[in-house]
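Below is one structure, written out as structure tokens; the observations come after it.
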Amino acid sequence: MRRRTKQPSAVGGIAYMIFGRVKPLDAILATAEKRGLHRSLGAFQLTMLGIGAVIGTGIFVLTSEAAQKAGPGMMISFIIAGFVCAVAALCYSELASMVPVAGSAYTYTYAVMGELLAWMVGWALILEYAVGASAVAVGWSGYMVGQLRNLLGVEVPMEWVNGPSAGGYINLPAVIISGLVTWLLVIGTTESARVNAVLVCIKVAALTLFIALSLPVMDMQHFEPLMPTGFSGVAGAAASIFFAYVGFDAVSTAAEETKNPQ
């Protein structure tokens with residue numbers, strides 16, 4: 001007796017054709033060659049791009065939040081998050097050199113897993129960058145408002161520094177800096193990369209000077225206890241710090257604008 005093979009339903013076949021289809025690697029590379037971006041970035045600009053993303057969010061914004069969770073053990077949290085992100089960065093670097101086009105994880109998923117998962121990954125990347133940029137903008141706003149108050153005696157009304165959830169109208173300094181950075185990106189990749197490199201050099205110099213001045217007056221009693229909330233607090237702080245290490249994703253996104261992606 002011949003066994004009947006179960007035929008896929010028409011609805012399932014259509015759903016697979018729409019959401020399960022993949023875009024071949026050759027087609028992705030061919031599209032990039034036809035409509036590709038101008039390749040103007042080198043290794044130095046890419047390195048500065050990644051460092052700028054990590055320092056901007058990780059050092060200047062998330063340090064206080066991680067310290068509240070882990071205390072002095074925040075140092076261990078940075079090491080854990082850095083190790084995990086280094087492994088992810090190695091994967092990103094290999095994929096970016098193999099598929100030197102814009103899109104980052106969205107493009108990689110589209111070529112391997114299908115359109116539905118690529119759509120989900122794409123929106124996750126948008127959320128990641130939106131949250132990351134907002135955290136940096138809010139952190140910059142706090143620094144700017146403090147400098148205006150301490151140096152110039154200018155008091156910015158709290159209604160224009162806090163959002164509606166904090167009892168204000170809008171964080172105006174954060175909106176202004178976001179608009180300025182967007183304008184810089186619209187001007188061109190080369191110009192924005194140059195400005196980013198200058199800012200990264202300034203930030204690295206400032207951090208180096210801070211470390212040099214702090215080491216002679218460091219008090220080891222402030223490191224006791226090292227982990228007041230236990231390893232769970234260190235792990236929680238590492239999870240928060242992981243949010244800062246988006247530099248490798250930014251570098252892989254810029255692969256299509258790199259002179260030699262390999």
Side-chain angles (χ1 to χ4, degrees), residues 48-75 77-78 81-82 85 122-187 192 195-196 198-207 209-211 213-214 222 228-229 232-250 253:
M48 292 296 101
L49 182 64
I51 295 176
V54 173
I55 293 181
T57 311
I59 304 298
F60 297 142
V61 177
L62 291 179
T63 304
S64 60
E65 180 180 348
Q68 293 176 5
K69 295 181 179 180
M74 175 184 62
M75 300 181 297
S77 303
F78 268 97
C85 292
W123 279 107
L125 287 174
I126 293 175
L127 177 63
E128 172 190 352
Y129 279 103
V131 174
S134 341
V136 175
V138 171
W140 183 90
S141 172
Y143 283 114
M144 178 56 65
V145 171
Q147 293 298 324
L148 290 176
R149 181 188 307 113
N150 297 330
L151 298 179
L152 302 178
V154 177
E155 191 71 30
V156 181
M158 298 306 296
E159 292 81 2
W160 300 105
V161 178
N162 297 318
S165 60
Y169 299 126
I170 189 174
N171 194 328
L172 189 59
V175 173
I176 293 175
I177 191 62
S178 300
L180 290 176
V181 172
T182 303
W183 171 74
L184 179 62
L185 292 173
V186 171
I187 291 178
S192 59
V195 175
N196 176 74
V198 173
L199 293 177
V200 169
C201 292
I202 294 174
K203 289 188 287 186
V204 171
L207 289 174
L209 179 62
F210 174 78
I211 294 173
L213 296 177
S214 301
H222 295 160
T229 58
S232 60
V234 173
S240 299
I241 294 170
F242 184 87
F243 160 71
Y245 286 92
V246 295
F248 57 85
D249 186 81
T253 303

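Start at 1 with the first residue, then count along the sequence. Computed over heavy atoms, backbone and side chain alike; hydrogens, waters and symmetry mates excluded.
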Separation between [atom1] of [X] and [atom2] of [Y], rounded to the nearest 0.5 Å:
| X | Y | atom1 | atom2 | value |
| --- | --- | --- | --- | --- |
| I177 | T182 | CD1 | OG1 | 9.5 Å |
| E159 | N171 | CD | CG | 12.5 Å |
| W140 | I176 | CH2 | CD1 | 7.0 Å |

Of all the heavy-atom pairs spanning [X] and [Y], show the shortest one and how long it is.
| X | Y | value |
| --- | --- | --- |
| V161 | V156 | CG2-CG1, 3.5 Å |
| W160 | P173 | O-CD, 3.3 Å |
| A137 | A174 | O-CB, 3.6 Å |
| T229 | K69 | OG1-O, 2.6 Å |
| A70 | G233 | CB-O, 3.7 Å |

A side-chain contact here means heavy atoms from C-beta on lying under 4.5 Å apart; do P228 and P72 qualify?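 Contact flag for P228/P72 side chains = yes.
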
